[in-house]
2 protein chains.
Amino acid sequence: MKEKQVRSTAAKQHIREILEQSGTALSQPEIQEQSEGVCDRVTVYRVLDRLLQEGEVHKTIGLDGMTRYAICKACDHDHGHQHDHVHFSCEVCGEVTCLDKVIPELKLPRGYRLKEASYMISGVCPTCN
Amino acid sequence: MKEKQVRSTAAKQHIREILEQSGTALSQPEIQEQSEGVCDRVTVYRVLDRLLQEGEVHKTIGLDGMTRYAICKACDHDHGHQHDHVHFSCEVCGEVTCLDKVIPELKLPRGYRLKEASYMISGVCPTCN
DNA sequence: ATTTTTTCGCAACTGTGTTGCATTAATTAT
DNA sequence: ATAATTAATGCAACACAGTTGCGAAAAAAT
Ligand SMILES: [Zn+2]
Ligand SMILES: [Zn+2]
Ligand SMILES: [Zn+2]
Ligand SMILES: [Zn+2]
């Protein structure tokens, strides 16, 4: 029944910083590469899980099936998260960015109840264009 | 320079049949389960690759990162494929279905060039609702 | 029937992600 | 400040989707 308290550790702060200053969605290998052995592989996964649980980040599955994590920016924590924005994967530089303002409209057929949405598109980003 | 000719094999026909009569998007493990050891695991992957190449099926990445394949229905082979329809994953029965007629509209910010799109949503399907 | 080309099965491998457990570090209580 | 408590970490081992190399088998072409 006890609430698990949030603890601030070196690994967590470091990983959060990497995500913040990258501004893009990163996978565990990408984070690992940038952190130059600050902590174990497994710890990265566990920290990301915690950040996800605590609502600091959200995750997205790429077209390659790889899970990436990005800092939550455009979501209102008080009124529930909004993670139905589009994620863009650049074929050239490989970066995955949150297009926070692009929220597609769609009308589901009768009978379908929507809970979670994931819009992933790929192409060429403005920098590589 | 030689065109690789299309060959009809037992495994291929069987897998195509499974996909056709299921009507949903299936993963290799799901196909394997239904085929009761008709062929090897690797063969399933290779057949699916071929069917994909030949334009008979398209693939979609689930929220679980799993690749699933579905028969192409609503795509015009002559005028290029249209695989930008929505895929729906039911949280209850686990089925992944093509919502061929649901094609979300979105306007990308200036500078982004779109090539591929993947819209994956989850919730409860009409049958399980 | 023989040759050619594609497909198959098997084994081995890669890479992401997970789990158990003993150790370490952060928070809380004394 | 010290001890007790609780959560986080590292390591090894595991699970499992997906891939690759290669010799054997099966199609299609001759
Ligand atoms: Zn780019
Ligand atoms: Zn995002
Ligand atoms: Zn269902
Ligand atoms: Zn589909």
Side-chain angles (χ1 to χ4, degrees), chain A residues 1-19 25-70 89 94 96 118 120, chain B residues 1-19 25-70 89 94 96 118 120:
Chain A
M1 276 298 168
K2 286 175 189 169
E3 276 290 312
K4 209 174 187 179
Q5 72 246 33
V6 177
R7 192 171 287 196
S8 181
T9 70
K12 191 175 177 182
Q13 286 171 301
H14 195 221
I15 290 171
R16 187 178 11 224
E17 242 170 61
I18 290 175
L19 286 174
L26 300 176
S27 63
Q28 175 272 318
E30 287 166 342
I31 291 170
Q32 195 77 2
E33 194 185 3
Q34 286 189 42
S35 70
E36 288 167 356
V38 158
C39 66
D40 191 72
R41 214 165 63 82
V42 181
T43 302
V44 176
Y45 282 112
R46 293 203 261 231
V47 167
L48 290 171
D49 271 353
R50 255 178 288 148
L51 289 173
L52 190 66
Q53 219 63 42
E54 294 157 11
E56 288 196 52
V57 303
H58 61 281
K59 70 171 173 180
T60 176
I61 313 289
L63 295 172
D64 54 357
M66 198 102 93
T67 309
R68 276 164 227 265
Y69 297 82
S89 174
V96 175
S118 165
M120 194 77 207
Chain B
M1 274 297 169
K2 286 176 187 169
E3 277 290 312
K4 208 174 186 181
Q5 72 246 32
V6 177
R7 191 172 288 198
S8 181
T9 69
K12 191 175 177 181
Q13 285 172 300
H14 194 222
I15 290 171
R16 189 183 3 228
E17 242 171 63
I18 290 176
L19 286 174
L26 300 176
S27 63
Q28 176 273 317
E30 287 167 341
I31 292 170
Q32 196 76 0
E33 195 185 5
Q34 286 188 42
S35 69
E36 287 167 356
V38 158
C39 66
D40 191 72
R41 214 165 62 82
V42 181
T43 302
V44 176
Y45 282 112
R46 292 202 261 231
V47 167
L48 289 171
D49 272 352
R50 255 178 288 148
L51 289 173
L52 189 66
Q53 219 62 42
E54 293 158 11
E56 288 197 52
V57 303
H58 62 280
K59 70 171 170 179
T60 176
I61 314 288
L63 296 173
D64 53 356
M66 199 104 94
T67 310
R68 275 163 229 266
Y69 298 82
S89 173
V96 176
S118 166
M120 193 77 208

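Naming convention: chains lettered A, B, ... in sequence-line order (proteins, then strands); numbering from 1 in each chain.
The CE atom of Met120(A) sits 12.0 Å away from the CG atom of Leu63(B) when rounded to the nearest 0.5 Å. Between the CD1 atom in Ile15(A) and the OG atom in Ser35(A) there is a gap of 6.5 Å [rounded to 0.5 Å]. Note that NE2 of His14(B) and CD of Glu17(B) are 6.5 Å apart. Values are rounded to the nearest 0.5 Å. Atom CZ of Arg68(A) is separated from atom CG of Leu48(A) by 12.5 Å, given to the nearest 0.5 angstrom. The distance from the CG atom of Leu26(B) to the CE atom of Met66(B) is 11.0 Å, given to the nearest 0.5 Å.
For the pair Gln32(B) (side chain) and Cys39(B) (backbone), a donor-acceptor distance under 3.5 Å is present.
For the segment residues 30-45 of chain B, residues with any heavy atom less than 4.0 angstrom from an atom of DNA chain D are, sorted by number, Arg41(B), Val42(B), Tyr45(B). Taken residue by residue, residues 5-14 of chain B places heavy atoms nearer than 4.0 Å to DNA chain D at Arg7(B), Ser8(B).
For Arg46(B), whose side chain is taken as the heavy atoms from C-beta onward, the closest listed nucleotide among dT16(C), dG18(D), dG9(C) is dG9(C).
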Derivation of the salt bridge (charged side-chain N to carboxylate O under 4.0 Å, His left out) call for Lys12(B) and Glu54(B): CA-CA 12 Å; Lys12(B) 191 175 177 181; Glu54(B) 293 158 11; 2.8 Å; yes
Begin with the C-alpha distance, continue with both residues' side-chain angles, and end with the deciding distance and a verdict on side chain to side chain contact (heavy atoms under 4.5 Å, CB included) for Ile61(B) and Asp64(A). CA-CA 8 Å; Ile61(B) 314 288; Asp64(A) 54 357; over 6 Å; no
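Across the protein-nucleic acid pair, Met66(A) atom CE and dG18(D) atom P stand 14 Å apart, rounded to whole Å. Distance CD (Gln28(B)) to C1' (dG9(C)): 14 Å, rounded to an integer number of Å. When the C1' atom of dA17(D) is taken as reference, atom CG of Leu63(B) falls 17 Å away, rounded to whole Å. Here the P atom of nucleotide dT6(D) and the CZ atom of Arg50(A) are 17 Å apart, to the nearest Å. Distance Asp64(B) CG to dT16(C) P: 17 Å, rounded to the nearest Å. At whole-Å resolution of the value, CG in Leu48(A) and P in dA8(D) are 14 Å apart. Between Tyr69(B) atom OH and dG18(D) atom P the separation is 7 Å, expressed in whole Å.
Counting non-hydrogen atoms under 4.0 angstrom, Thr67(A) reaches the backbone sugars and phosphates but no base.
Shortest non-hydrogen contact noted between Gln13(B) and Ser8(B) is CD-OG, 3.6 Å.
Between Asp49(A) and Val47(B), the residue whose closest nucleotide on DNA chain C is further toward the 5' end is Val47(B).
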